[in-house]
There are 2 protein chains.
Amino acid sequence: MPQLSIKELVDRYIDLTFAVHKKGESLVKEQLQSELSNDQFYTLKYIYKTENCTSTELAKVFDVKKSAITAVITKLWDQDLIERTRDQNDRRVVYLTLTETGLELYKKTEERIYNLVESIITQFEEQEIKQFIDTYEKVNNILTALQEKQ
Amino acid sequence: MPQLSIKELVDRYIDLTFAVHKKGESLVKEQLQSELSNDQFYTLKYIYKTENCTSTELAKVFDVKKSAITAVITKLWDQDLIERTRDQNDRRVVYLTLTETGLELYKKTEERIYNLVESIITQFEEQEIKQFIDTYEKVNNILTALQEKQ
DNA sequence: AATAGATAGTTCAATGATTGAACAGTTAAA
DNA sequence: TTTAACTGTTCAATCATTGAACTATCTATT
């Protein structure tokens with residue numbers, strides 16, 4: 001049995017990250033049923049999950065300029081899906097939260113994504129997928145460290 | 001020690017796919033040093049790796065309309081990075097290949113990406129990362145099957 | 001052979017997303 | 001108090017993507 005070289009591992013990793021992401025995005029898109037774009041969904045999700053979420057933070061996480069975030073936010077705000085609240089101590093800062101409508105739409109679509117991912121994950125032995133996600137988390141930490149060195 | 005529920009696994013998986021992809025894209029972008037956009041790089045890569053690559057295939061893999069691919073291809077073609085060759089048996093079909101310049105640029109940037117990914121992968125025990133990539137491959141296969149059902 | 005339908009790829013106008021630069025308002029530091 | 005830094009917005013310019021119409025070609029049916 002031939003030993004797998006580092007080169008082969010690297011190649012497979014690069015190809016897989018691309019392929020898995022593309023297919024995932026396309027399946028997520030179906031679940032959103034044109035009510036939201038993928039990016040709009042991820043934005044709602046991030047705001048929902050994050051205490052005191054700001055534009056600056058979103059710009060960093062989504063890796064786009066702040067003016068792009070303003071556009072995204074304004075579009076969601078126009079649809080009454082999110083609220084903007086000024087920090088009373090630092091009046092430059094605007095906190096983003098979901099409105100009731102926004103929360104409802106988020107929860108509804110989130111559930112569809114959840115079901116999709118669950119249907120994938122439950123095809124594995126618990127031990128295998130748990131190990132996978134643990135390693136994935138380590139990869140994420142390594143990437144974070146690499147980025148901060150920058 | 002509390003048992004990890006499916007719900008927690010699903011949540012972590014969803015968050016990780018998003019986070020890892022964003023950070024990866026941002027690090028790849030640095031390596032490309034504004035000579036190519038990420039999508040241009042992936043396009044060159046796909047053409048390089050694929051025998052008899054066509055627009056239709058690229059549109060499917062990148063999940064965009066064929067007119068978008070025409071735009072991408074034309075831009076690379078303008079820079080003399082790729083060639084278009086008509087199939088002599090079916091004259092509707094156009095095959096895409098890298099020019100010498102395209103191949104050179106691809107190889108140069110590919111090497112930088114390779115070094116980046118290698119520096120991540122070699123932080124793991126070989127057994128752990130090998131297992132990770134095997135499971136990743138299975139995830140990819142499941143996604144392919146899901147997409148084909150569509 | 002003649003026709004109709006499917007397929008590969010392109011064109012082009014319209015739409016959307018992202019950037020870059022300038023800006024207003026606010027805070028922190030010297 | 002002045003200066004510098006920071007948060008977020010505006011707006012014009014740029015770039016990517018779509019949708020529809022189109023050309024050229026091939027396949028299947030009669």
Side-chain angles (χ1 to χ4, degrees), chain A residues 18 21-22 25-26 28-30 32-44 46-47 50-79 81-97, chain B residues 18 21-22 25-26 28-30 32-44 46-47 50-79 81-97:
Chain A
F18 179 81
H21 177 256
K22 277 293 173 189
E25 286 294 279
S26 145
V28 164
K29 202 172 179 179
E30 275 165 31
L32 301 185
Q33 299 173 4
S34 347
E35 293 164 319
L36 291 169
S37 73
N38 288 24
D39 276 351
Q40 285 181 324
F41 172 70
Y42 294 133
T43 306
L44 292 185
Y46 196 89
I47 293 172
T50 308
E51 199 77 23
N52 297 331
C53 180
T54 64
S55 284
T56 304
E57 187 175 355
L58 285 174
K60 196 187 163 211
V61 171
F62 285 80
D63 194 29
V64 291
K65 296 284 171 290
K66 282 197 284 182
S67 52
I69 295 295
T70 299
V72 171
I73 293 302
T74 301
K75 216 168 161 188
L76 292 168
W77 184 82
D78 283 345
Q79 296 174 260
L81 298 175
I82 63 180
E83 263 171 354
R84 304 194 224 219
T85 323
R86 270 198 192 279
D87 183 329
Q88 288 310 308
N89 296 323
D90 184 343
R91 297 193 48 73
R92 291 171 302 183
V93 178
V94 176
Y95 294 123
L96 303 166
T97 50
Chain B
F18 179 81
H21 177 257
K22 278 293 174 187
E25 286 294 280
S26 144
V28 165
K29 203 171 178 179
E30 275 165 32
L32 301 184
Q33 299 173 4
S34 345
E35 292 164 320
L36 291 169
S37 73
N38 287 24
D39 276 351
Q40 285 181 323
F41 172 71
Y42 294 133
T43 305
L44 292 186
Y46 196 90
I47 293 172
T50 307
E51 200 77 24
N52 296 329
C53 180
T54 64
S55 285
T56 304
E57 188 175 354
L58 285 175
K60 199 188 162 212
V61 171
F62 285 81
D63 194 30
V64 290
K65 296 284 170 289
K66 281 196 285 182
S67 51
I69 294 296
T70 299
V72 171
I73 292 301
T74 302
K75 214 167 162 189
L76 292 168
W77 185 83
D78 284 344
Q79 298 174 258
L81 298 174
I82 64 180
E83 263 171 354
R84 306 193 223 221
T85 323
R86 271 198 190 279
D87 183 327
Q88 289 309 308
N89 296 324
D90 184 345
R91 297 194 43 75
R92 291 170 304 179
V93 178
V94 176
Y95 295 123
L96 303 166
T97 49

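Source: prediction; values computed, not measured.
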Quiz prompt | Quiz item: B/R92 side-chain donor-acceptor pair to C/dT7 base, under 3.5 Å | solution = yes
Quiz item: How would you label the contact of A/T56 with the nucleic acid (heavy atoms, under 4.0 Å): base, sugar-phosphate, or nothing?
Solution: sugar-phosphate
Quiz item: Could you give the CG-to-P distance, from B/D39 to D/dT14, as a whole number of Å?
Solution: 21 Å
Quiz prompt | Whole-Å distance separating the CD1 atom of A/I73 from the P atom of D/dT9 | solution = 8 Å
Exercise. Using a heavy-atom cut-off of under 4.0 Å over every strand shown, decide if A/D87 touches base, sugar-phosphate, or nothing.
Key: nothing
Quiz item: What nucleotide among D/dG8, C/dG9, C/dT27 has an atom nearest to a side-chain atom of A/T70?
Solution: D/dG8
Quiz item: When you measure from the side chain of B/K75, which nucleotide among D/dC15, D/dT9, C/dT19 comes out closest?
Solution: D/dC15
Exercise. For A/N89, answer base if it contacts any base atom (sugar-phosphate contacts may also be present), sugar-phosphate if it contacts only those atoms, and nothing otherwise; contact means non-hydrogen atoms under 4.0 Å.
Key: sugar-phosphate
Quiz item: Has the side chain of B/S67 got a donor or acceptor that lies under 3.5 Å from a partner of the other kind on the base of D/dG19?
Solution: yes
Quiz item: From C/dT19, C/dA8, D/dC26, pick the nucleotide closest to the side chain of B/D90?
Solution: D/dC26
Practice problem: Identify, between A/S37 and A/R91, the residue whose nearest nucleotide on DNA chain C lies closer to the 5' end. | Solution: A/S37
Exercise. Looking at every strand, decide which applies to B/S55 at a 4.0 Å heavy-atom threshold: base, sugar-phosphate, or nothing.
Key: sugar-phosphate
Quiz item: When you measure from the side chain of B/V93, which nucleotide among C/dA17, D/dT17, C/dA8 comes out closest?
Solution: C/dA8
Exercise. Would you classify B/R86 as touching base, sugar-phosphate or nothing, given that sugar-phosphate means primed atoms plus P, OP1 and OP2, and contacts are heavy atoms under 4.0 Å?
Key: nothing
Practice problem: Give B/T74 one of three labels, base, sugar-phosphate or nothing, depending on what nucleic acid heavy atoms sit under 4.0 Å from its own. | Solution: nothing
Exercise. Identify, between B/Q40 and A/C53, the residue whose nearest nucleotide on DNA chain D lies closer to the 5' end.
Key: A/C53
Exercise. Mind checking A/K65 for me? I need base, sugar-phosphate or nothing, with any heavy atom below 4.0 Å counting as a touch.
Key: sugar-phosphate
